[in-house]
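Below you'll find the structure, written out as structure tokens, and then a few comments.
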Amino acid sequence: MDHQEDTIPMDGSFIVVSKDAPFSTTTTTATSQEQQQQAHTTTTSSSAATTVTVITSSTTTTATKTIDEKDHGGASVSLLQKELQALSTPNKVFQNWARTFRCVPEQYYTPSTEEEIIKIIHLARISGKSVKAIGTGHSPSDLACTDGFMINTDKLNRLISVDETKMTINVQAGMKLHKLHDLLELHDLAMSNLGSISDQSVAGIMSTATHGTGAEYSSMCASVLELTLITASGETISCSKTEKADIFNAAVCSLGALGIITRMTLQCEKAFRLENKQEPAKLDDVLSNLDSIIHSAEHVRLWWYPHTDNVVVWRANRTTKEISLPAPSWRSSKWFSVHVYEGLLYICRFIPRLIPTLSRFMFWATQSKPIERVEDSVKVFNFDCLFSQYVNEWSIPWSRTAEALKALDQFIESGTVADSEDKEKSTTTTGTKAVVKKEAPLKVHFPIEIRFVKKDDVWLSPAYGVDSCYIGIIMYRPYGKAVPYKRFWAGYEKIMASFDGRPHWAKAHSVTPEGLEESYPKMKEFSAIRQRLDSEGMFLNDYLRRHLVVPK
């Protein structure tokens, strides 16, 4: 068996280091009846606006309601536990989509109303328990994990209103994206930009600054116009860019640290089709013409196949053309792109030297010829993410994309992250000239995905104030089996940090609170809002303490 760069790790392990400190190998492991009310639909229209409103009798309408003991007639812990028992699943084991992190919460609740959420928060407060809301659990990190109370928001999935003239939609925040797309289609609307999948909840994608790609399109959280938040005191706060703007700016991308988001109003646009063209290119040519490529279409992404100089340039523009799909082929079939690839990756766990050859083969088989299609926007934006994987992704200023990719390529092929200090360091005492210790080259999976996002003003968005390039790396876990990845992650993060990088919040990363305060101009303001709304840390978990709470 070939020697790989590190031992096969246990699921859920990740490296914890300071952004500016040398990387270490310290690891931490996260182990840590529906009574649906009938909705009544009201439709109103005028020459100025067309609005469809869905009124759910179960939702809380008071904007500033605060729970205290009297709200439940001095309800005891045992009485509340009995009242909420029907919403709880005992001994529930939660694990994320990739099955890389898991936990066993003390209580796992599935409420269907805001009032039920308030009761859960009240019980948590008087019991001294932590609370964490989850959507799909798609984040490849321990962001959703808790040993306290876990609130599954799947039943908070109702439409509240649609304004076809203003092209906005107000929905409960537990709604999955694929359901949101279906509702928007009924009103000839669509989201302006999307990420790779639509399995997540609305609150989940916004709270982690999930993004698509496009030089003139910001992260998806920038489309939030207003939201409703239930805080640790049981207060229900409605906020927007003009109402309680400080809370809104913090809450849009808040990682669940401020409370439970129950509703969101989103800005949309008229439904549209995209003409998608992707073609093979060479890495040097792409990097030499990167600025023109970024602006060569409304939406541009790159897929680079490491260990090769092969790149796929993916472009998409709005169009009125009829739907047109490429002819079916074994190259694009699921049995080949998923099942054959997964089987070959499994073999490579035992013979890692085959990985570069596999990368070249898969590029030849699936991407060596141009591909064109015209489809509805959702189907073009979304694609199959295949199977379980470790994922890391950071944003950097897109002006630094070329040099960052060159540094990443050098790291993969040499096994060493070169910097100015390396030239001065010696690993021997016999010579007069500095000698840098050589590491074994890495063997990493394709693709490395490169996307481009317009700057926004959301406080904790990685694209805050900076036109950003997101560079995402993966190591697949064929058949759920672990593969070495830690040395790849450590070198990658060191490179991204050296280019003013900011990690994607949904991913497991290693940046400390001090490092994040340096990266985010509004981090201190965010922390002040968090302290104001949750002074006791009810909504904190290990992930949030690790990245947001500066040790005293």
Side-chain angles (χ1 to χ4, degrees), residues 1-11 13 15 25 98-100 140 278 280-284 286 302-312 329-369 371 383-393 405-417 437-450 471-493 495:
M1 180 187 299
D2 283 16
H3 175 70
Q4 257 288 42
E5 70 272 12
D6 57 7
T7 58
I8 293 178
M10 294 295 292
D11 286 357
S13 62
I15 303 164
T25 57
R99 299 190 175 188
T100 51
Q278 57 190 69
K282 295 301 181 181
L283 182 61
D284 287 344
V286 168
L302 308 173
W303 286 304
W304 166 39
Y305 284 57
H307 304 299
T308 80
D309 60 353
N310 295 319
V311 177
V312 177
S329 167
W330 64 269
R331 298 170 183 263
S332 59
S333 65
K334 188 168 184 176
W335 73 265
F336 181 79
S337 61
V338 176
H339 301 300
V340 171
Y341 182 43
E342 187 171 19
L344 292 173
L345 282 177
Y346 184 77
I347 294 172
C348 289
R349 290 181 73 241
F350 305 100
I351 316 175
R353 69 174 182 272
L354 295 179
I355 290 176
T357 300
L358 176 59
S359 187
R360 289 189 290 270
F361 169 71
M362 291 300 292
F363 179 85
W364 167 81
T366 64
Q367 304 289 355
S368 58
K369 295 181 180 180
I371 300 172
F383 61 89
D384 192 342
C385 287
L386 303 185
F387 37 87
S388 179
Q389 55 201 247
Y390 300 112
V391 184
N392 206 338
E393 185 178 29
L405 290 175
K406 290 177 182 178
L408 187 56
D409 187 25
Q410 181 180 358
F411 166 53
I412 292 170
E413 297 306 323
S414 69
T416 303
V417 178
K437 180 181 178 181
K438 295 295 184 181
E439 298 281 356
L442 284 82
K443 299 294 186 290
V444 304
H445 299 164
F446 75 85
I448 291 176
E449 185 176 33
I450 302 105
I471 300 176
I473 61 174
I474 61 171
M475 287 296 289
Y476 284 109
R477 303 173 66 244
Y479 308 116
K481 303 298 184 180
V483 297
Y485 72 98
K486 290 188 288 184
R487 190 160 68 94
F488 187 21
W489 262 225
Y492 163 83
E493 291 199 354
I495 292 170

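All values derive from a computational prediction rather than experimental measurement.
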Backbone N/O of W364 and side chain of R331: donor-acceptor pair under 3.5 Å: yes

F488 vs L408 side-chain heavy atoms within contact, under 4.5 Å: yes

Heavy-atom side-chain contact between Q367 and M362 under 4.5 Å: no

Stepwise side-chain contact (heavy atoms from CB on, under 4.5 Å) check, V417 with I495: CA-CA 7 Å; V417 178; I495 292 170; 3.8 Å; yes

Any W304 side-chain heavy atom under 4.5 Å of V312 side chain: no

Set of side-chain contact (heavy atoms from CB on, under 4.5 Å) partners for D284, sequence neighbours left out: none

Qualifying residues under side-chain contact (heavy atoms from CB on, under 4.5 Å), relative to I474, sequence neighbours excluded: Q389, V391, P447, Y476

Which atom of S359 lies closest to which atom of P306, heavy atoms considered: OG-O, 3.2 Å

side-chain contact (heavy atoms from CB on, under 4.5 Å) partners of K282, counting only residues at least two apart: D285, D309, N310

From L405 atom CG to L283 atom CG, the distance as rounded to the nearest 0.5 Å: 7.0 Å

Contact check, side chains of H307 and E413, non-hydrogen atoms, under 4.5 Å: yes

Minimum heavy-atom distance V338-F387, with the two atoms named: O-CE2, 3.7 Å

Those residues that, when tested against S388, pass side-chain contact (heavy atoms from CB on, under 4.5 Å) (two or more places apart): A98, R477

Derivation and outcome, side-chain contact (heavy atoms from CB on, under 4.5 Å), residues T357 and L344: CA-CA 11 Å; T357 300; L344 292 173; over 6 Å; no

Partner residues of W330 under the ring pair (Phe, Tyr, Trp, His ring centres under 6.0 Å) criterion, sequence neighbours left out: F336

Rounded distance [0.5 Å steps], CD1 in I351 versus CG in L354: 5.0 Å

Heavy-atom side-chain contact between W303 and V311 under 4.5 Å: no

Rounded distance [0.5 Å steps], CG in L386 versus NE2 in H445: 12.0 Å

Student check: side-chain heavy atoms of V483 and P352 closer than 4.5 Å: no

Residue among W335, F446, Y479 satisfying ring pair (Phe, Tyr, Trp, His ring centres under 6.0 Å) with Y341: F446

Nearest heavy atoms of F363 and P280, plus distance in Å: CZ-CB, 3.6 Å

Value rounded to 0.5 Å, distance of SG in C348 from CZ in F350: 10.5 Å

Value rounded to 0.5 Å, distance of CD1 in I371 from OG1 in T366: 7.5 Å

Candidate pair W489 and F411, rule ring pair (Phe, Tyr, Trp, His ring centres under 6.0 Å), full reasoning: CA-CA 11 Å; W489 262 225; F411 166 53; over 10 Å; no

Side-chain touch D384/K334, heavy atoms, less than 4.5 angstrom: yes

From CA spacing to verdict: side-chain contact (heavy atoms from CB on, under 4.5 Å), I473, E393: CA-CA 6 Å; I473 61 174; E393 185 178 29; over 6 Å; no

Test salt bridge (charged side-chain N to carboxylate O under 4.0 Å, His left out) applied to K369 - qualifying residues, sequence neighbours left out: none

Check: E449 and I471 side chains under 4.5 Å, non-hydrogen atoms: no

CE on M475 to NZ on K443, rounded to 0.5 Å: 11.0 Å

